[in-house]
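Chain naming here is simple, since letters A, B, ... match the order of the sequence lines and numbering starts at 1 in each. Computed from a prediction, not measured in an experiment: that's the story for all the values here.
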2 protein chains.
Amino acid sequence: MTRRAGLRDVAARAATSTKTASRVINGDPRVSADTRARVEQAVEELAYRPDPLARSLRRGLDETVGVVVDEVSDPFFASVIGEIERMALDRGVTVIIASTRRLAEREHIVLDGLLQRRVAGLIVASISDDHSHLRTASCPVVFIDRAPVGLAADAVVVDDRVGAVQAMEHLLGHGHRRIAYVGDRLSIATARLREVGYREALAAAGVPVRADYVEEMDPQDGDGLEVVQRLLALDEPPTAIFSANTRCSLRLLPPLHRLGRTDVAFISFGDFPTAEALDPPVSVVNHSPELIGRLAATRLFRRMNGDEVAPETIVAPVAIVPRGSGEVTP
Amino acid sequence: MTRRAGLRDVAARAATSTKTASRVINGDPRVSADTRARVEQAVEELAYRPDPLARSLRRGLDETVGVVVDEVSDPFFASVIGEIERMALDRGVTVIIASTRRLAEREHIVLDGLLQRRVAGLIVASISDDHSHLRTASCPVVFIDRAPVGLAADAVVVDDRVGAVQAMEHLLGHGHRRIAYVGDRLSIATARLREVGYREALAAAGVPVRADYVEEMDPQDGDGLEVVQRLLALDEPPTAIFSANTRCSLRLLPPLHRLGRTDVAFISFGDFPTAEALDPPVSVVNHSPELIGRLAATRLFRRMNGDEVAPETIVAPVAIVPRGSGEVTP
DNA sequence: AGGAGCGAGGTAATCGTTGTCATCGCGGGA
DNA sequence: TCCCGCGATGACAACGATTACCTCGCTCCT
């Protein structure tokens, strides 16, 4: 098989220079109709496709966006990525993914690698608590899920605090006073905000916060059964659980059901596919990953087009979806 | 801010030529210890990082693998990708993703784009039914989930037929004779094989196949309620359902539960997080996406290292996980 | 003693495109 | 009539690294 055709081949066939051929490829108007036609025909005949690598090298920028998340297999991030990829493909932009596994060190490495590759844009769910080094990033950066620290940049976040407050008000409204909080490690900004919402709502209702009602749990490999047992074994066990994280919910619900304790009200921050199929169906605070992905990608593309508006934090709306488990009364 | 350091800067600082610096970077042994040390120090001091784009251009190969799947947000593929990315990162290989949305045309486009980028390897869940054009691909290709057609290449597949047979034998063993099949469109090879397993198992048990027990359903946007209602409204409604696709299961279970028809036995081909939390817990035929990802990546990396063993189809094992819903008797 | 063989290192070409700048006609204003 | 300006085009360098090929100085063998 013959080597792939290059610009030189096209130029030769069109009896012109590589530069002019390049002009045609890039839609430069300063080419005569005649020449343009010849080049276009040559492109066609040789099935010429410009080499993205060479182009990127020369331009100093790769038409690529890097997406950095905790874990690609996390359903939330998977959906976010899916939506970004969808939009990127429509624009002919390639998507590179990388996961941090929630290690700041890894985050640094992958970010560095991406920047090295001269990505044209970055969408990052950062786990780190200082992003000032990204100030010198050579491309626009949009943060998702967690807002940037020490850096003015775009971000698309969920209204964690308000979502938590809504969930809590819902439970409080159904008569609960003994409400437990289970969420991700509080070193995660998102988890912190949700926990703040939890406290605020309780405070507003005049209910004191009990330390033994607040459980931190690693969504990756926390033991749901253990947490459930610990809570239910308290002298005054909670009558409701607010799970501030989808993956925590997925770890808490099976043991709850196995123990037959569906009398405990339950609201999950974050929806999941089988929420409706459980008995009772699980009430959730819904935040759409697709929407977050779309907002982030839209923003990033605008920046990549040179739009210089001031950095902004976009708050994606949340809404409570009552299905049953959140309406159980004490 | 000063421009990023290039190889020339390193060479200058180490008082040697770019070629020798390049040798050091690439671990070429034919460099004296002294020179090597100088170059390494210069690299350190300048925080030099080789430019991946330039390197790839010159080498004609990008240290990158492309992963092409139906839909990134599909939990199955998300996990497969997650595992691939994990292994790739350890090897310093970048991962590019692309989704086909199950359109052959899109598949062609993204594959073309990836090849254009000179990826070093490709992992593809192809939806197309002819892969002969990939014969001229310039890099190794490993197929996942669906085996290649018209092309001898590596593949990692699930034993669809056997998994289906196992599920069916399980149901038959619990006394069911009226068993419905619900699965993906039969134009998908995977779905076809599972349906074949369904028929084989029935045939082996001497149970005739009823056409009205076989439902095709798009996992993307099929209407689970409709399918459930149609089946249950039959004159002789099935006493068990074999759902040959995880996403189908996720669409079938909520309506089944809402209708209170958990007396219908149910087995899902493909596990999902809340399977255990349902009542009864859902029995599944388990095929681990992580394992598939790992096998595919391992194979691909071997090929990328130049290993020329004969193409092979690796069959990932499946195992039935009885949890309750599959053990309901008629 | 002569040269093959090898280690260490360098020069220039090259990967495929695009930016810079020069060139070449040609029509119109002074 | 002369020169400017503009449209069209091409020669050449450069992006940053690697590869092909060469040089130089030794050691070792015959």
Side-chain angles (χ1 to χ4, degrees), chain A residues 2-40 42-43 46-64 92 113 115-120 138, chain B residues 2-40 42-43 46-64 92 94 113 115-120 138-139:
Chain A
T2 75
R3 193 179 93 276
R4 262 184 16 211
L7 200 49
R8 359 180 45 113
D9 306 298
V10 172
R13 187 170 190 107
T16 180
S17 71
T18 59
K19 179 66 233 203
T20 300
S22 168
R23 287 201 179 93
V24 174
I25 307 286
N26 294 303
D28 188 316
R30 294 176 308 174
V31 179
S32 72
D34 178 49
T35 310
R36 176 181 307 280
R38 287 206 319 280
V39 172
E40 278 167 351
V43 165
L46 297 173
Y48 168 77
R49 319 273 293 131
D51 183 320
L53 257 38
R55 194 196 286 247
S56 302
L57 173 62
R58 183 68 248 243
R59 290 205 182 137
L61 201 81
D62 198 2
E63 276 288 303
T64 287
L115 255 12
Q116 210 64 42
R117 281 193 81 89
R118 294 193 161 82
V119 292
S138 45
Chain B
T2 75
R3 195 181 89 276
R4 264 185 16 211
L7 196 52
R8 359 180 47 114
D9 305 298
V10 172
R13 188 171 190 108
T16 179
S17 70
T18 59
K19 176 64 231 193
T20 301
S22 169
R23 287 200 179 93
V24 174
I25 308 284
N26 294 306
D28 189 316
R30 294 175 310 175
V31 180
S32 73
D34 178 49
T35 310
R36 175 181 306 280
R38 287 206 319 281
V39 172
E40 279 166 351
V43 165
L46 297 174
Y48 168 76
R49 319 274 292 132
D51 183 320
L53 256 38
R55 191 193 288 242
S56 302
L57 172 61
R58 185 66 248 248
R59 289 208 182 132
L61 201 81
D62 197 3
E63 277 288 304
T64 287
T94 302
L115 254 13
Q116 210 63 40
R117 279 193 84 89
R118 295 200 163 79
V119 293
S138 45
C139 70

Can you see which heavy atom on A:D51 is nearest to which on A:L53, and at what distance? OD1-N, 2.7 Å

A:R36: partners by side-chain hydrogen bond (donor to acceptor under 3.5 Å, both in side chains), with sequence neighbours left out: none

Who are the side-chain hydrogen bond (donor to acceptor under 3.5 Å, both in side chains) partners of A:T18, not counting sequence neighbours? none

With the criterion being N/O to N/O and under 3.5 Å, what pairs connect the protein with nucleotides 10-14 of chain C, and how long is each?
from: C:dG10; atom 1: OP2; to: B:T16; atom 2: OG1; distance (Å): 2.6
from: C:dG10; atom 1: OP2; to: B:S17; atom 2: N; distance (Å): 3.1
from: C:dG10; atom 1: OP2; to: B:S17; atom 2: OG; distance (Å): 2.9
from: C:dG10; atom 1: OP2; to: B:T20; atom 2: OG1; distance (Å): 2.6
from: C:dG10; atom 1: O6; to: B:R23; atom 2: NH2; distance (Å): 2.9
from: C:dT14; atom 1: O2; to: B:R58; atom 2: NH1; distance (Å): 2.9

Considering the terminal five base pairs at each end of the helix from C:dA1-D:dT30 to C:dA30-D:dT1, what angle separates the two local helix axes, rounded to 10°? 60°

Mind checking if A:R118 touches a base, just sugar-phosphate, or nothing, with heavy atoms under 4.0 Å? sugar-phosphate

Indicate, with a heavy-atom threshold strictly under 4.0 Å, whether B:T35 touches base, sugar-phosphate, or nothing. sugar-phosphate

So, is B:R30 near the phosphate of C:dG7, with a side-chain N or O under 4.0 Å from OP1 or OP2? no

Distance in angstrom units between A:D28 CG and C:dT20 P, rounded: 13 Å

Does A:S138 have any side-chain hydrogen bond (donor to acceptor under 3.5 Å, both in side chains) partners at least two apart in sequence or in another chain, and if so, which? none

Of B:R36 and B:L57, the one whose closest DNA chain C nucleotide lies more 5': B:R36

In chain order, what residues pass the side-chain hydrogen bond (donor to acceptor under 3.5 Å, both in side chains) check against B:R38, with sequence neighbours excluded? B:D34

Could you tell me which residues satisfy side-chain contact (heavy atoms from CB on, under 4.5 Å) with B:S17, sequence neighbours excluded, listed by chain and number? B:K19, B:T20

Roughly, in whole Å, what's the span from CG in A:D51 to C1' in C:dT17? 8 Å

Can you list the residues that meet the side-chain contact (heavy atoms from CB on, under 4.5 Å) rule with B:T64, with sequence neighbours excluded? A:R117, B:D62, B:T94, B:I96, B:V119

For A:R49, answer base if it contacts any base atom (sugar-phosphate contacts may also be present), sugar-phosphate if it contacts only those atoms, and nothing otherwise; contact means non-hydrogen atoms under 4.0 Å. sugar-phosphate

B:L53 atom CG is separated from C:dC15 atom C1', nearest whole Å, by 12 Å

Give the first and the last nucleotide of DNA chain D, reading 5' to 3', that has any atom under 4.0 Å from a heavy atom of chain A. D:dA8 to D:dG16

In Å, rounded to the nearest 0.5 Å, how long is the span from CG of B:L61 to SG of B:C139? 7.5 Å

Please identify each residue that fulfils side-chain contact (heavy atoms from CB on, under 4.5 Å) with B:R59, with sequence neighbours left out. B:N26, B:R55

Under 4.0 Å between any heavy atoms, over every strand shown, what does B:G60 touch: base, sugar-phosphate, or nothing? Just pick one. nothing

Donor-acceptor pairs under 3.5 Å, side chain of residues 5-16 of chain A to any protein atom, not counting sequence neighbours: which ones?
from: A:D9; atom 1: OD2; to: A:G6; atom 2: N; distance (Å): 2.6
from: A:R13; atom 1: NE; to: A:E45; atom 2: OE1; distance (Å): 2.4
from: A:R13; atom 1: NH2; to: A:E45; atom 2: OE1; distance (Å): 2.9

Does any part of the side chain of A:R4, heavy atoms only, come nearer than 4.5 Å to the side chain of A:R49, both counted from C-beta? no

